[in-house]
Enquirer: 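Sending over a structure as structure tokens; questions will come in a sec.
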Amino acid sequence: MAHLIQAARAAQQRAARAAAAVGSHHPLARLLLAAAAMAAAAAWEAGHRVSDLHPPRRHHERAPRA
């Protein structure tokens, strides 16, 4: 089942890189975005939660500005 999460993460990263490179309206980016949505849906249907796919970010505390 962990392979579904890995596949969904990889698909999302490919789609994000393509959208950043060629724009979100480009046919390739749209295809990769659709594939990422399908991979995320498969993980969801298998019982994974959104937080499994997108773990919370760790925020670093910044030093106060002088």
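This one's a predicted model, so the numbers in the text were calculated from it and none came from an experiment.
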Enquirer: How close do L32 and R14 get, counting heavy atoms only, and between which atoms?
Expert: CD1-O, 3.9 Å
Enquirer: How long is the straight-line distance from CH2 of W44 back to CG of L4, given to the nearest 0.5 Å?
Expert: 14.0 Å
Enquirer: If you take all heavy atoms of A15 and A36, which pair is closest and at what distance?
Expert: CB-CB, 4.3 Å
Enquirer: Which distance, rounded to the nearest 0.5 Å, do you find between the CZ of R17 and the CD of Q12?
Expert: 9.0 Å
Enquirer: On a heavy-atom basis, which atom in G23 and which in A29 lie closest, and how many Å separate them?
Expert: O-CB, 3.3 Å
Enquirer: Working to the nearest 0.5 Å, report the span between CG of L33 and NE2 of H26.
Expert: 12.5 Å
